[in-house]
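Structure, as structure tokens:
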Amino acid sequence: MANPKILSLHGRGLKLDTRADIEPYLKDFDPTILEEVHFGGNTIGVDASLALAEFLSKAHALKVANFADIFTGRLISEIPLALQAICDALIDKTSLVEINLSDNAFGGRSVEPMVPFLTNNRSFQILRLNNNGLGPAGGAVIANALRQSALLSKAEGKRSNLRVVICGRNRLENGSAEAWAEAFAAHGTLEEVRMVQNGIRMEGITHLARGLAQNPNIQHIDLQDNTFTVDGELSGVAAWTEALDSWPHLHTLNLSDCVLSADGEVPTLIESLAKGSNPKLHTLQLQNNNLETQSFAVLSNAISQGLKNLMALELQWNDVEEDDEHLENLALSLKQRGGKLFASDEEEEEEEKEIEKEEEAEEAEEIEKEAREMDEEAKKVSAGVPEERLKEEEAAPKPKPKDTTDDLADLLSKVEIR
């Protein structure tokens, strides 16, 4: 039986235009006990959103609200109205932990309907806004709303609840970076921030470092595919080097494709990591950063001291020589502690293939199990077993399989020696 506390239409590809379209999917659920709603992978129009908002207004135990990818094929005139209806219904949800609005093409023109929710609901901890096409202007609107939320909490003498911000692939650029930095600093409670592929360059990166430095409980940072240096100017790297000391709990740091090094020089950021500024660091991703053997030497020398808890180190697409002794030392040291060095494309591809194989095996096993169950049911139906009896058999506890060793013992007990 489906969990009555979880309403999920995820990935069903439904086109829900009107109230009549969506109501059949809501009618069997009691909104007062709902804890999760998942509507991603469908397309929801204005009238359907209004009906959904009425339903959500009664969901006072709601913890997870997943509305990723719900506006595919909708007109730009529809999205703000539908979005406002949904967001307004969530403003007073003090139980809310996570809101996901990723993969919706808001652009800068459709963000305003989110502002009242982001400002006034100060209960949610996780915000997912990935791949929304926000641009610098839209990004600044979101960041300013979050900052205002933090200031309201502070005025009431309350600590912010915000812990996780995912806002990648949004073209945020330098134009919104300062607003984001101010929002991060105002909250001071962040544990995970991911802002990949946003076209943020050195000036914006510097702002972000200073804002995030006000969050001492940071554990996971992902700034992959932004730019820390420009034409040999290293102020972005310097700002992040200084900020590292602010994060004693840092577990995962992804600065791949960030142009950390100029002319192969060892970035000060790597030197700081090597000295143990982040003793809990477990995963370090530095792919494609113009790093050369001098950087590998620093990391190798620090692997048993400043990086003694490091388990995964990714260095692909740097200036790697096949027989680099420092990489060999790194690989050996990580292997001895059960970790791994990724220094070539082949290693990453091999790891991905292994994961794919495991996932395929699990999926095949599940499909085979379902097929066996369907086969058994079909046999019973073809044998004329009444449907009521099938249900009774399905609900009845299954007997444990008989141990074959018991059968053998029974046979042996009957053997007589003459």
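Counting from 1, the numbers follow the sequence of the chain as shown.
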- Query: Are Phe124 and Phe117 close enough, and set up right, to give a ring pair (Phe, Tyr, Trp, His ring centres under 6.0 Å), and what steps lead you there?
  - Reply: CA-CA 10 Å; Phe124 70 88; Phe117 166 76; 5.2 Å; yes

- Does the pair Asp47 and Asp17 meet the rule for a side chain to side chain contact (heavy atoms under 4.5 Å, CB included), with working shown? CA-CA 6 Å; Asp47 289 342; Asp17 294 320; over 6 Å; no

- Message: Going by salt bridge (Lys or Arg N to Asp or Glu O under 4.0 Å), name the residues that satisfy it together with Glu98, two or more places apart in sequence or in a different chain.
- Response: Arg128

Heavy-atom distance under 4.5 Å between the side chains of [X] and [Y], does that happen here?
{"X": "Leu212", "Y": "Trp247", "result": "yes"}
{"X": "Asp92", "Y": "His60", "result": "yes"}
{"X": "Ile200", "Y": "Asn174", "result": "yes"}
{"X": "Leu101", "Y": "Ile99", "result": "yes"}

Side-chain donor or acceptor of [X] paired with backbone N/O of [Y] under 3.5 Å:
{"X": "Glu182", "Y": "Ala179", "answer": "no"}
{"X": "Asn329", "Y": "His326", "answer": "no"}
{"X": "Asp245", "Y": "Ala243", "answer": "no"}
{"X": "Asn301", "Y": "Val298", "answer": "no"}
{"X": "Thr229", "Y": "Val259", "answer": "yes"}
{"X": "Asn226", "Y": "Leu223", "answer": "yes"}
{"X": "Ser304", "Y": "Lys308", "answer": "no"}
{"X": "Asn42", "Y": "Leu9", "answer": "yes"}
{"X": "Asn170", "Y": "Leu172", "answer": "no"}
{"X": "Asn132", "Y": "Asn130", "answer": "yes"}

Between [atom1] on residue [X] and [atom2] on residue [Y], distance to nearest 0.5 Å:
{"X": "Lys154", "Y": "Ser149", "atom1": "NZ", "atom2": "OG", "answer": "13.5 Å"}
{"X": "His282", "Y": "Thr252", "atom1": "NE2", "atom2": "OG1", "answer": "7.5 Å"}
{"X": "Leu134", "Y": "Asn104", "atom1": "CG", "atom2": "CG", "answer": "10.5 Å"}
{"X": "Ser176", "Y": "Asn144", "atom1": "OG", "atom2": "CG", "answer": "9.5 Å"}
{"X": "Leu62", "Y": "Thr94", "atom1": "CG", "atom2": "OG1", "answer": "10.5 Å"}
{"X": "Ser49", "Y": "Glu78", "atom1": "OG", "atom2": "CD", "answer": "9.0 Å"}

Atom of [X], atom of [Y] and distance for their closest heavy-atom approach:
{"X": "Ala82", "Y": "Ile44", "value": "CB-O, 4.4 Å"}
{"X": "Phe296", "Y": "Leu291", "value": "CZ-O, 3.8 Å"}
{"X": "Leu129", "Y": "Met114", "value": "CD2-SD, 4.1 Å"}
{"X": "Gly175", "Y": "Pro136", "value": "CA-CB, 4.0 Å"}
{"X": "Ala105", "Y": "Ile79", "value": "O-CD1, 4.0 Å"}
{"X": "Pro113", "Y": "Pro116", "value": "O-CD, 3.6 Å"}

- Item | Stepwise side chain to side chain contact (heavy atoms under 4.5 Å, CB included) test for Thr43 and Ile70 | CA-CA 5 Å; Thr43 177; Ile70 60 168; over 6 Å; no

- Check the pair Lys27 / Glu23 against salt bridge (charged side-chain N to carboxylate O under 4.0 Å, His left out), numbers first and verdict last. CA-CA 6 Å; Lys27 65 181 180 63; Glu23 282 181 343; over 6 Å; no

Distance-only donor-acceptor check, side chains [X] and [Y], under 3.5 Å:
{"X": "Ser160", "Y": "His187", "value": "yes"}
{"X": "Lys280", "Y": "His249", "value": "yes"}
{"X": "Glu36", "Y": "His38", "value": "yes"}
{"X": "Ser102", "Y": "Asn131", "value": "no"}
{"X": "Asp257", "Y": "Asn288", "value": "yes"}
{"X": "Arg122", "Y": "Ser153", "value": "yes"}

- Task: Begin from the C-alpha positions of Phe39 and Asn66 and carry the test side chain to side chain contact (heavy atoms under 4.5 Å, CB included) through to its verdict.
- Result: CA-CA 6 Å; Phe39 283 86; Asn66 185 350; over 6 Å; no

- Message: Would Leu310 and Leu273 count as a side chain to side chain contact (heavy atoms under 4.5 Å, CB included) here? Give the steps.
- Response: CA-CA 11 Å; Leu310 190 67; Leu273 290 169; over 6 Å; no

- Item | Audit row: Arg19, Glu54, salt bridge (charged side-chain N to carboxylate O under 4.0 Å, His left out) steps and yes/no | CA-CA 11 Å; Arg19 181 181 294 270; Glu54 290 177 17; 3.0 Å; yes

List the atom pairs, with distances to 0.1 Å, where a side-chain N or O of residues 215-222 and a protein N or O form a donor-acceptor pair under 3.5 Å, not counting sequence neighbours.
residue: Asn215; atom: OD1; partner: Gly188; partner atom: N; Å: 3.3
residue: Asn215; atom: OD1; partner: Thr189; partner atom: N; Å: 3.0
residue: Asn215; atom: OD1; partner: Leu190; partner atom: N; Å: 2.9
residue: Asn215; atom: ND2; partner: Phe184; partner atom: O; Å: 3.1
residue: Asn215; atom: ND2; partner: Gly211; partner atom: O; Å: 3.3
residue: Asp222; atom: OD1; partner: Gln224; partner atom: N; Å: 3.1
residue: Asp222; atom: OD1; partner: Asn254; partner atom: ND2; Å: 3.4

- Query: Near Glu322 CD, under 6.0 Å, is it more than 12 heavy atoms from other residues, nucleotides or ligands?
  - Reply: no

- Taking everything shown except Gln125 itself, do over 12 heavy atoms lie less than 6.0 Å from its CD? yes

- Message: Between Glu173 and Arg171, is the salt bridge (charged side-chain N to carboxylate O under 4.0 Å, His left out) condition met? List the steps.
- Response: CA-CA 5 Å; Glu173 302 175 0; Arg171 298 181 297 105; 5.0 Å; no

- Task: Hey, could you give me each pair passing side-chain hydrogen bond (donor to acceptor under 3.5 Å, both in side chains) that has a residue in residues 193-208? Not counting sequence neighbours.
- Result: Glu192-Arg194

